[in-house]
Number of protein chains: 2
Amino acid sequence: MASTEQSAMRVWRSFVSAKAEIGRTLQRGWRASGLTGAQLGVLRVLAEASNEGAQLHEISERLYVTPGNLTGIVDRLEEAGHLSRAPHPGDKRATLALLTPAGRELFEQVYPSHTARVRQLMSALTVSEQKLLADLLSRLAVRAAEMHEQPVG
Amino acid sequence: MASTEQSAMRVWRSFVSAKAEIGRTLQRGWRASGLTGAQLGVLRVLAEASNEGAQLHEISERLYVTPGNLTGIVDRLEEAGHLSRAPHPGDKRATLALLTPAGRELFEQVYPSHTARVRQLMSALTVSEQKLLADLLSRLAVRAAEMHEQPVG
DNA sequence: ATATAACAATTCTACCCTAAAGTATTGATG
DNA sequence: CATCAATACTTTAGGGTAGAATTGTTATAT
């Protein structure tokens, strides 16, 4: 039916425009640090990990970034001195990334203001609306993953 | 409060992961045509415009794409023969983009299956849930735009 | 008329992103 | 044990993205 298709497209347009606006706004929070969004994501995963660091493979999956993409992001963070690579003790294929003290310090300086901006953004909704939104988005993500596993219909 | 901050971050993570999953899934619908998402967006704006085409400036705003970015996208579409540039009759600064017959044909072949996939995706939600989702996303976009106009707090 | 400001498009740089192919390494199977 | 598939990372090719600087053009205010 045309009406359900129009409704679907309207939601999708809302999604795209919201993503564009929000992305631009949040970006301002970390721009001054010299970090990019993807780089901040990597630092966050490492900061949340134990002191043994995290495998590149794990970072890639948690951030929804392809391995080939991650190689370059980690390269630049390593060059900037924010992390270091180390061989995985038990698996010669794997590489670990570890936060340097400088990297940890930068993260701890930048991240709180980032979360504060996210909180300020989300305060446009009540907490129950936030829960609802997260639920709706999760259901869409699940459906998308299901469609992704199917052949193109 | 920590709890509202956690809630806010959880919603934002849902948003990011949903975007990643959905983006990957929808991409499969147009990949075979050789078009990219941004290119399909430009063709859509032109198809919806009158036969006089659309100004690059207008396309840039409607797709949330910076002008510098749009130049390259239009370059590639022009090279592929899907659109042509023409000078704006009344304003020598402005440039119009016009769909070629081949471009229109390709669009009309690709776009219906794209909207069908969006509809399939959104059918994970009821129509009233879709309305609700669009409303919540619009409110976030408005808040983000407001924050964007303010100095970094 | 002329200086000034605002605007449209382009160019340039650095980064992000995916898909696909390539190199090692690991683990499971016959 | 030899083979073969899976895994981890890198490389390459083709784009997408924002931001800043540049070149013309148009509009506005002296």
Side-chain angles (χ1 to χ4, degrees), chain A residues 16 19-43 53-80 82 85-97 148 152, chain B residues 16 19-43 53-80 82-83 85-97 148:
Chain A
V16 170
K19 175 65 169 56
E21 287 289 359
I22 294 171
R24 259 195 277 269
T25 295
L26 293 183
Q27 192 178 2
R28 296 178 70 209
W30 61 64
R31 253 188 77 73
S33 70
L35 291 174
T36 65
Q39 290 174 8
L40 184 61
V42 171
L43 295 190
Q55 214 172 310
L56 298 192
H57 172 70
E58 182 195 345
I59 301 174
S60 163
E61 282 189 338
R62 288 188 50 186
L63 298 180
Y64 309 96
V65 157
T66 56
N69 188 3
L70 186 63
T71 295
I73 298 170
V74 169
D75 282 351
R76 284 177 284 270
L77 284 170
E78 190 173 22
E79 193 178 359
H82 300 323
R85 279 182 169 96
H88 189 289
D91 190 336
K92 288 181 185 168
R93 297 169 302 178
T95 301
L96 295 175
H148 198 249
V152 179
Chain B
V16 170
K19 174 65 169 55
E21 286 288 0
I22 295 171
R24 259 196 274 271
T25 295
L26 293 184
Q27 193 179 1
R28 297 178 70 208
W30 62 63
R31 252 190 79 73
S33 69
L35 291 173
T36 66
Q39 291 173 6
L40 184 61
V42 171
L43 295 190
Q55 213 172 312
L56 297 192
H57 175 70
E58 182 196 344
I59 300 173
S60 162
E61 282 188 339
R62 288 189 49 185
L63 297 180
Y64 310 96
V65 158
T66 56
N69 190 0
L70 187 62
T71 295
I73 298 170
V74 169
D75 282 351
R76 283 178 282 271
L77 283 170
E78 190 174 21
E79 193 178 359
H82 299 324
L83 60 77
R85 279 181 169 95
H88 189 289
D91 189 337
K92 287 181 185 169
R93 297 170 302 180
T95 301
L96 294 176
H148 198 248

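All heavy atoms count here, side chains included; hydrogens, waters and symmetry mates do not. In what follows, every chain begins at residue 1, and chains take the letters A, B, ... in the order their sequences are listed. Just so it is clear, the model here is predicted, and its values are computed rather than measured.
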Please state how far atom [atom1] in [X] lies from atom [atom2] in [N], giving the value in whole angstrom units.
X       : N      : atom1 : atom2 : result
B:Glu61 : C:dA9  : CD    : C1'   : 13 Å
A:Gln39 : D:dT17 : CD    : C1'   : 14 Å
A:Trp30 : C:dC16 : CH2   : P     : 11 Å
B:His88 : D:dT26 : NE2   : P     : 11 Å
A:Asn69 : D:dG14 : CG    : P     : 18 Å
A:Lys92 : D:dA8  : NZ    : C1'   : 15 Å
B:Ile59 : D:dG16 : CD1   : P     : 14 Å
B:Ile73 : D:dA18 : CD1   : C1'   : 12 Å

Check this one for me: any side-chain N or O of [X] less than 4.0 Å away from OP1 or OP2 of [N]?
X       : N      : result
A:Gln55 : D:dT7  : no
A:Arg31 : D:dA18 : no
A:Arg85 : D:dT10 : yes
B:Gln27 : C:dC17 : no

In Å and rounded to the nearest 0.5 Å, what is the CG to CZ distance from B:Asp75 to B:Arg85?
4.5 Å
dist A:Leu96:CG -> A:His57:NE2 (nearest 0.5 Å) comes out at 13.0 Å
Taking only the side-chain heavy atoms of [X] (C-beta and beyond), determine which of [options] contains the nearest atom.
X       : options                : value
B:Thr71 : C:dT11, D:dA8, C:dA8   : C:dT11
A:Pro67 : C:dC16, D:dG16, D:dT10 : D:dT10
A:Thr36 : C:dA24, D:dC9, C:dC15  : C:dC15
B:Ala94 : C:dA8, C:dC17, D:dT10  : C:dA8
B:Leu56 : D:dT10, C:dT18, C:dA9  : C:dA9
B:Arg76 : D:dT10, D:dG15, D:dC9  : D:dG15

Determine whether a donor-acceptor pair (one donor, one acceptor, N or O, separation below 3.5 Å) exists between the side chain of B:Arg93 and the base of C:dC7.
yes
By nearest heavy atom, map B:Leu96 and A:Gly37 onto DNA chain C; which one lands nearer the 5' end?
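Result of the comparison: B:Leu96.
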Specify the residue among A:Thr66 and A:Gly90 whose closest nucleotide of DNA chain C lies further upstream toward the 5′ end.
A:Thr66
Hey, which of these two, B:Gly68 or A:Gly72, hits DNA chain D nearer its 5' end, going by closest nucleotide?
A:Gly72
So do A:Ser60 and A:Asn69 actually touch side chain to side chain, heavy atoms under 4.5 Å?
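Not in contact.
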State, yes or no, whether a side-chain contact exists between A:Val42 and A:Leu70 at a heavy-atom distance under 4.5 Å.
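Contact flag for A:Val42/A:Leu70 side chains = yes.
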Hey, does the side chain of B:Thr95 reach the backbone of B:Pro87 with a donor-acceptor pair shorter than 3.5 angstrom?
no
Verdict with reasoning, A:Arg76 to A:Leu35, per side-chain contact (heavy atoms from CB on, under 4.5 Å)
CA-CA 10 Å; A:Arg76 284 177 284 270; A:Leu35 291 174; over 6 Å; no
